[in-house]
Amino acid sequence: MAVSENIKLTGVSIGALLLGLALPYLHFLASPKLATFIGDFPIPDYPLAYPFFRNPTTTTNATNASTAAEASPPEAPPFVCDSLHNYRTELVSLDPLIIYIHNLISPTEIKSLLDTAEPLFAPSTVTKHGRKQNTNDRTSSSAGLPRDDATVKCVLGRARNFMGTMLRDGWDEMGAPQLVRYKKGERFNIHHDWFNNPLWANDGSDRRWNRVASFFAILQDNCTGGETHFPFAKAIAPPSPIGEPLWGGSHDDQVQKGVEEVKPLWREHEDGGLAFRPVAGNAIFWINLHPNGTGDLRTNHAGLPLDDGLKTAMNIWPRRYYAYE
Ligand SMILES: *[C@@H]1O[C@H](CO)[C@@H](O)[C@H](O)[C@H]1NC(C)=O
Ligand SMILES: *[C@@H]1O[C@H](CO)[C@@H](O)[C@H](O)[C@H]1NC(C)=O
Ligand SMILES: *[C@@H]1O[C@H](CO)[C@@H](O)[C@H](O)[C@H]1NC(C)=O
């Protein structure tokens with residue numbers, strides 16, 4: 001039985017076609033005897049066999065439509081959350097608790113978050129007297145992040161795990177994450193992240209909540225200035241002696257690689273407290289609320305003005321919900 005390039009609608013060629021369609025399945029299921037029987041039939045190479053069978057080495061013009069579709073620019077592969085992503089914590093202050101997190105967010109995640117947020121940036125607001133307002137205290141722009149985005153979910157999941165038992169599953173939540181961007185001269189004057197009066201839940205429940213903790217993760221650090229200053233923080237140890245290169249090797253490794261200056265990641269500020277310089281991928285984590293649920297004034301902090309360049313960061317504000325009232 002000959003197989004031609006053209007489809008002949010004879011009984012024989014239709015029989016061969018049906019067999020051709022079934023062949024890929026029969027091939028795996030068939031007994032050796034049957035397989036031999038099937039093996040006696042050539043595998044048809046015409047379009048109707050596609051997509052059940054396709055020999056990649058013999059593309060005919062009849063499949064031009066599908067090859068054209070394949071030739072169009074490939075879609076970016078879907079984001080895959082790296083469940084083995086590794087970060088390292090540096091305990092900075094015990095009371096209030098401040099933890100520096102090295103490598104909380106990977107470069108791939110940063111790129112994806114920025115791509116998502118780029119069209120969403122708008123001038124930042126602050127909540128004063130229970131209302132959102134634009135203010136000179138905060139000259140920056142912000143972008144709310146969609147919580148159903150794969151990368152956002154991935155990073156929030158990591159932050160949620162970091163919180164451990166401080167959040168109660170099914171009761172507390174990670175809140176709405178936000179990107180914030182500062183340019184030359186822009187700043188955020190001293191403020192605290194917690195609300196003076198807990199906010200009502202907008203999920204229909206009779207609950208109120210406050211920001212129990214904060215993650216401030218740097219995504220873009222192309223700037224001078226722009227440190228985050230906690231005037232009331234007290235360090236329990238000097239900055240990590242190998243500083244920034246924690247994830248790039250020891251100080252000696254860095255020097256060998258030609259890194260000239262290994263700047264510490266945070267320092268004691270001349271006006272008191274601690275100042276953290278922006279380093280992409282790294283985050284500051286702190287606890288905002290006292291055990292009795294009131295805000296801790298010692299978490300007051302400022303985003304110091306940028307001398308130049310650009311700083312983009314991600315705010316994550318996990319929420320503690322209080323009991324029904
Ligand atoms: C496919 O089509 C192109 C032009 O559309 C033609 O040049 C080429 O020879 C054809 N190839 C086959 C295998 O028919
Ligand atoms: C809550 O706890 C803090 C820290 O212990 C304390 O300073 C504050 O007075 C307490 N507030 C209330 C309302 O109990
Ligand atoms: C970093 O910022 C400077 C000053 O704004 C600019 O000239 C430079 O192109 C920026 N570099 C990158 C990689 O964004």
Side-chain angles (χ1 to χ4, degrees), residues 89-101 104 125-133 135 137-138 156 159-178 180 187-217 227-239 265-276 282-304 313-325:
T89 54
E90 179 175 344
L91 290 178
V92 177
S93 163
L94 286 187
D95 195 17
L97 183 67
I98 302 177
I99 300 175
Y100 193 86
I101 309 172
L104 179 67
T125 59
V126 298
T127 305
K128 267 192 181 166
H129 315 296
R131 286 176 46 216
K132 282 192 175 180
Q133 309 180 339
T135 157
D137 286 338
R138 191 183 189 192
L156 284 187
R160 196 267 164 269
N161 285 342
F162 185 87
M163 299 286 296
T165 55
M166 182 164 251
L167 294 188
R168 298 155 293 182
D169 285 323
W171 183 263
D172 301 313
E173 59 183 35
M174 288 306 289
Q178 181 201 65
V180 60
R187 70 190 184 283
F188 195 170
N189 288 344
I190 190 149
H191 67 282
H192 46 73
D193 288 359
W194 44 271
F195 300 109
N196 292 319
N197 297 305
L199 303 189
W200 288 104
N202 57 6
D203 61 1
S205 69
D206 266 354
R207 300 186 301 161
R208 310 230 284 169
W209 60 271
N210 212 337
R211 291 172 179 162
V212 63
S214 298
F215 293 84
F216 188 69
E227 290 171 313
T228 306
H229 180 208
F230 289 77
F232 305 113
K234 275 203 195 84
I236 57 165
L265 292 159
W266 51 272
R267 64 187 180 98
E268 293 195 338
H269 193 277
E270 49 277 13
D271 296 340
L274 305 175
F276 298 80
N282 295 357
I284 315 166
F285 169 85
W286 65 95
I287 306 274
N288 285 314
L289 303 180
H290 291 300
N292 63 14
T294 65
D296 187 341
L297 279 167
R298 298 167 305 165
T299 65
N300 280 8
H301 58 282
L304 300 183
M314 180 175 184
N315 281 310
I316 303 174
W317 289 305
R319 299 175 175 184
R320 168 177 293 162
Y321 280 82
Y322 300 98
Y324 290 100
E325 298 200 352

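All ligand and atom numbering here is 1-based and tracks the order in the structure. Sequence positions, counted from 1, serve as the residue numbers for this chain.
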Within a distance of under 4.0 Å, is there any protein heavy atom near atom 2 (O) of ligand 2?
-> yes
Measure from atom 9 (O) of ligand 2 to the protein's non-hydrogen atoms and state whether any distance is below 4.0 Å.
-> no
Mind checking whether [X] and [Y] have side chains closer than 4.5 Å, heavy atoms only?
X    : Y    : answer
H301 : I284 : no
N282 : Y100 : yes
W266 : E227 : no

Between the candidates D296, N292, L289, L297, which shows the shortest non-hydrogen contact distance to atom 6 (C) of ligand 2?
-> N292
Main-chain N/O of R211 paired to N288 side chain as donor or acceptor, under 3.5 Å = yes
In the protein, what heavy atom is nearest to atom 13 (C) of ligand 2, and what distance, to one decimal place, separates them?
-> T294 CG2, 4.0 Å
What is the nearest protein non-hydrogen atom to atom 7 (O) of ligand 2, stated with its residue, atom name and distance?
-> H290 NE2, 4.7 Å
Report yes if the distance between the aromatic ring centroids of F276 and F216 is under 6.0 Å, otherwise no.
-> no
